[in-house]
Every structure is written in structure tokens, then in C-alpha cells.
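Comments concern the structure below.
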Amino acid sequence: MLTRRHIRVKVLQSVYAYNRLENPDIDTQEKFLKYSIEQMQDLYLLMLQLMVAMQGQADRFMIISQQKHLATETEKNPSQTFVKNKVLNLIATNSLFVETIEKKKLNYWDLDSEYVNILFNALKQKDWYQAYLELKETDFKEDQKFVIRVFKEIVAPNEKIYEYIEDKRLTWIDDFPLVNTAIVKMLGKLSEKNASDLLVPDLYKNEEDRQYAIQLFRKVILNEDKLNAEITGKTPNWDQDRIADVDLIILKMGIAEFLYFPSIPARATINEYLEISKEYSTPKSSIFVNGILDKIVKEFTENGKLNKIGRGLH
């Protein structure tokens, strides 16, 4: 589920938090890093469960409408296209997904159903939702396209859901855009054959990624003076006190990868931190970060300090 970029962002946040503590403790902060990464899976599952809850709300709305004293013909014979959506039914009936939701006690929408109502009411206002209901038959691809649209246009951008997530768990608000992007990609790949793997994905791609998260965090913290020394003199127009805190951490993380992670190509490191700086720092940060890291790579290459193994890793 996690990409290396997700891991880098989590490490960036943890180093930033560590630097702001009055009495920082590396072991305590490392535990929090692990915890915050694990929370991403909970948010991922919760947001998927929210989609299933919306379908359940549509079913209840349909039943209540049918029982009205003066029900219209449409209310008496409502469309069941949404409540029979094949993608949402696949999610709702996947045993591993259901068991994981129960095990982690993530049935939040049973108690906080007002948020489900907010989303369903927003959905009902959309012309494309009404057009979908008018379809007599849909195949898996059509249902898939519809669900992705619901998530992208109704669920992900909703401010009430954003506020709810922010209040629920401390780490979730930073994870929200990453998780939403992961869900959209997953929904596009989902099928009956891969449902369990995609709906309840492994948090890390492999053990190497799990170790990478911890090692990157520790290398940046434990080599603070050495990494600072590498930056000194590389920023002629900026002394370190004037460099944004996030930019300084990004530079240290990049240099740490040059020195201590021989299997990661230097260009991949620069590109990743370039994108992270665009997202998490100031508007001019990406140009600044790219220029400094590029200068340091060239210097390390010339003096033999660039620790890389294999072809094409410089």
C-alpha cells in the first residue's frame, strides 16, 4: 500500500516533530513513526467503509420512500442500480475486509451516520447520479466508473468529512490526500480475483521498505552534525537560520540517502524530494532543494563519497 514517497513524507513529519520537542527521545519518536504509518491503513479501510455505508443509506432511503402514504410511482418502484452496484457489493461482502473492519473496531459510520447522510444527500443532487439510476442494467466497468466518480467528487472533497477525520485521530489529516489517491488507484484496479489483496493491502510492499522507514529516520537524527556540515557552504545566498525548517530536513534526508542507502539511485532521491518539497514546503522550495541536492551529488561523485552500488545508480 505504501510507496517510498509515502514513507519519506512520514519520516519528514517525524523528524520535524522530533526537532520541535523540548526533550526529544529517538526511541519514543520512532514508535510514533511506526504508529502513524500503521494508522494509514485504518484510514484507508474507514474511507472504503464510508462508501459501503452510503450504499446502505441509499437502501434505507429507498425502503422509507416506498412506505410513504402518498408515495409517487418512482418511489413505489425505485431504481436499484446503486444499491446493487457490483463494486460496492464486492467490497461489502469481502470476508477479509469485513473481518478487518470488525477486528480494528472501525465501524465508525454506525455511530456517526449523520456524515453518511451528508454525503448521500450531496450525491442525490447530482444530475449524473440520477442518470446512473435510470440505467436498467450496468456491468462491472460502469459500476466501477461510477464509484470512482462518487469518491472523487462527493467523498474526498467534502469539508465535513475532512473535519471529522481531523478530529478523529491526530495523524490522519496528513494522511488524507495520500489515502484518497491510493483508494482511487485501487478502485480502478479492483476485480473479484484481486479483491482481498487490494481491499486489505499489506502496509509495506516488503520488509526492505519497513526497514527503510526506520533506518532513514535514524540516519537523519543520529547524523545531524554531519548532514548539517554537508549543507554548510552550499547555500551562498542563505545561511541555515534562514532556510525553512522543512527544506532543511528534506536536504538532510536527501543527503542521508546519498550516503547511507546504496541501492537508491541519486536521481530518484532528487526527484522524490523535489516533488515532496512542492507539496509540503514553500512555492520556491523545489527549485532550491533541486539545486542544492544536485550540487551535492556532483561533489560527492567527484570526491568518491557517493555511496551507490549497481549500474545506473548515480
Side-chain angles (χ1 to χ4, degrees), residues 1-46 104 165-182 201-231 240-241 243-261 263-264 268-282 285-286 288-289 292-293:
M1 175 181 169
L2 286 171
T3 66
R4 283 286 176 102
R5 185 174 298 175
H6 293 154
I7 294 172
R8 287 180 173 100
V9 168
K10 281 296 182 184
V11 172
L12 169 64
Q13 292 165 349
S14 292
V15 173
Y16 182 84
Y18 178 91
N19 289 344
R20 296 177 73 85
L21 294 172
E22 286 187 22
N23 300 297
D25 178 79
I26 191 169
D27 293 328
T28 300
Q29 192 60 35
E30 183 184 308
K31 288 177 183 176
F32 186 77
L33 169 61
K34 291 177 182 176
Y35 168 80
S36 68
I37 289 174
E38 289 166 1
Q39 295 307 296
M40 286 188 71
Q41 188 183 58
D42 285 6
L43 180 58
Y44 178 92
L45 295 167
L46 186 70
K104 289 176 170 282
I165 294 301
E166 186 175 30
D167 291 340
K168 209 67 182 175
R169 292 194 197 173
L170 177 65
T171 62
W172 274 355
I173 202 62
D174 289 321
D175 299 338
F176 198 56
L178 301 176
V179 167
N180 287 343
T181 300
D202 291 333
L203 195 54
Y204 296 94
K205 185 170 68 174
N206 50 40
E207 182 59 27
E208 184 181 344
D209 276 8
R210 185 188 300 274
Q211 291 302 318
Y212 166 74
I214 302 306
Q215 288 301 313
L216 180 59
F217 172 72
R218 283 192 164 268
K219 291 296 185 186
V220 172
I221 298 299
L222 295 175
N223 294 281
E224 170 86 4
D225 292 341
K226 182 176 181 178
L227 298 174
N228 275 331
E230 296 294 354
I231 296 170
Q240 285 201 18
D241 291 337
I243 301 174
D245 289 346
V246 171
D247 289 350
L248 197 55
I249 296 170
I250 287 173
L251 290 175
K252 290 175 187 175
M253 290 173 68
I255 297 166
E257 289 195 16
F258 297 155
L259 295 174
Y260 307 118
F261 294 84
S263 66
I264 302 176
T269 291
I270 294 174
N271 289 342
E272 283 291 285
Y273 289 116
L274 177 64
E275 293 304 316
I276 289 170
S277 65
K278 288 178 183 177
E279 187 72 23
Y280 290 91
S281 197
T282 64
S285 290
S286 60
F288 173 75
V289 166
I292 300 302
L293 290 181

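A quick note: this is a predicted structure, and the numbers were derived from the prediction, not measured. Worth knowing before you read on, the calculation uses all heavy atoms, side chains too, and leaves out hydrogens, waters and symmetry mates.
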(request) Verify, without hydrogens or angle tests, whether W172 (side chain) and Q39 (backbone) share a donor-acceptor contact under 3.5 angstrom. (result) yes
(request) Flag the pair V289 / L274 as yes when at least one side-chain heavy-atom distance between them is below 4.5 Å, and no otherwise. (result) no
(request) Give, for atom CG of L203 and atom CG of L2, the distance between the pair rounded to the nearest 0.5 Å. (result) 4.5 Å
(message) Taking ring-ring contact (aromatic ring centres under 6.0 Å, His included) as the definition, give me every residue that meets it alongside Y212, ordered by chain and number, with sequence neighbours left out.
(response) F261
(message) For a quick test of reading the model, state the closest non-hydrogen atom pair linking K278 to S286 and the distance between them.
(response) CG-CB, 3.5 Å
(request) Please confirm whether the backbone N or O of E208 pairs with a side-chain atom of N206, one donor and one acceptor, at under 3.5 Å? (result) yes
(message) Go through it in stages, so that I can follow the logic: the residues are E230 and K226, the test is salt bridge (Lys or Arg N to Asp or Glu O under 4.0 Å), and I'd like the CA-CA distance, side-chain angles, deciding distance and then a yes or no.
(response) CA-CA 7 Å; E230 296 294 354; K226 182 176 181 178; over 6 Å; no
(request) Evaluate salt bridge (Lys or Arg N to Asp or Glu O under 4.0 Å) for D174 paired with K10, printing each intermediate quantity in order. (result) CA-CA 9 Å; D174 289 321; K10 281 296 182 184; over 6 Å; no
(request) Quick one: pull up NE2 in H6 and CG in D209 and give me the separation to the nearest 0.5 Å. (result) 11.5 Å
(message) So, taking the atom named CD1 in I231 and the one named CG in D247, what distance separates them when rounded to the nearest 0.5 Å?
(response) 10.0 Å
(message) Using 0.5 Å steps for rounding, measure from the OG1 atom of T28 to the CG atom of L33.
(response) 12.5 Å
(message) Can you give me the closest heavy-atom contact between V220 and A256, atom names plus distance?
(response) CG2-CB, 4.1 Å
(message) Could you walk me through whether L293 and I255 satisfy the side chain to side chain contact (heavy atoms under 4.5 Å, CB included) test, starting with their C-alpha distance in whole Å, then the side-chain angles of each, then the deciding distance to 0.1 Å, before giving a yes or no?
(response) CA-CA 7 Å; L293 290 181; I255 297 166; 4.3 Å; yes
(message) Under a 3.5 Å cutoff, is there a donor and acceptor pairing between the side chains of E257 and Y273?
(response) yes
(message) I'd like to check the ring-ring contact (aromatic ring centres under 6.0 Å, His included) partners of F176; sequence neighbours left out, ordered by chain and number.
(response) Y162
(message) Holding to side-chain hydrogen bond (donor to acceptor under 3.5 Å, both in side chains), I want the full list of residues that pass it with N19, two or more places apart in sequence or in another chain.
(response) none
(request) Indicate yes or no for a side-chain donor-acceptor contact from S285 to the backbone of T282 under 3.5 Å, with no hydrogens or angles considered. (result) yes
(message) Pairing donors with acceptors under 3.5 angstrom, does anything connect the side chains of Q29 and D25?
(response) no
(message) Can you tell me if K168 has over 12 outside heavy atoms packed within less than 6.0 Å of its NZ?
(response) yes
(request) Check whether any side-chain heavy atom of I264 sits under 4.5 Å from a side-chain heavy atom of F258, and report yes or no. (result) no
(request) Assess whether atom NZ of K205 is packed by more than 12 heavy atoms of other residues, nucleotides or ligands within 6.0 Å. (result) no
(request) Look at K34 together with E30 and state whether they make a salt bridge at an N to O cut-off of under 4.0 Å. (result) yes
(request) Mind listing the closest non-hydrogen atom pair of M253 and R8 along with its distance? (result) CE-O, 3.3 Å
(request) Tell me, with the steps shown, if R169 and D42 meet salt bridge (Lys or Arg N to Asp or Glu O under 4.0 Å). (result) CA-CA 10 Å; R169 292 194 197 173; D42 285 6; 2.7 Å; yes
(request) Would you confirm whether S36, through its side chain, and F32, through its main-chain N or O, come within 3.5 Å as a donor-acceptor pair? (result) yes
(message) Side chains of D202 and M1, heavy atoms from C-beta outward: is any pair under 4.5 Å?
(response) no
(message) Would you compute the distance between atom CD1 of I7 and atom CG of L216 and round it to the nearest 0.5 angstrom?
(response) 9.0 Å
(request) For residues R20 and D245, report the shortest heavy-atom separation together with the two atoms involved. (result) NH1-OD2, 4.3 Å
(message) Could you measure the distance from the CG atom of N228 to the CG atom of L248? Nearest 0.5 Å is fine.
(response) 6.0 Å
(request) Check the pair R218 / D27 against salt bridge (Lys or Arg N to Asp or Glu O under 4.0 Å), numbers first and verdict last. (result) CA-CA 9 Å; R218 283 192 164 268; D27 293 328; 2.6 Å; yes
(request) Under the side chain to side chain donor-acceptor pair (under 3.5 Å) rule, what do Y260 and N223 come out as? Steps first, then yes or no, please. (result) CA-CA 11 Å; Y260 307 118; N223 294 281; 3.2 Å; yes
(request) List the atom of I37, the atom of A213, and the distance in Å for their closest heavy-atom pair. (result) CD1-CB, 4.2 Å
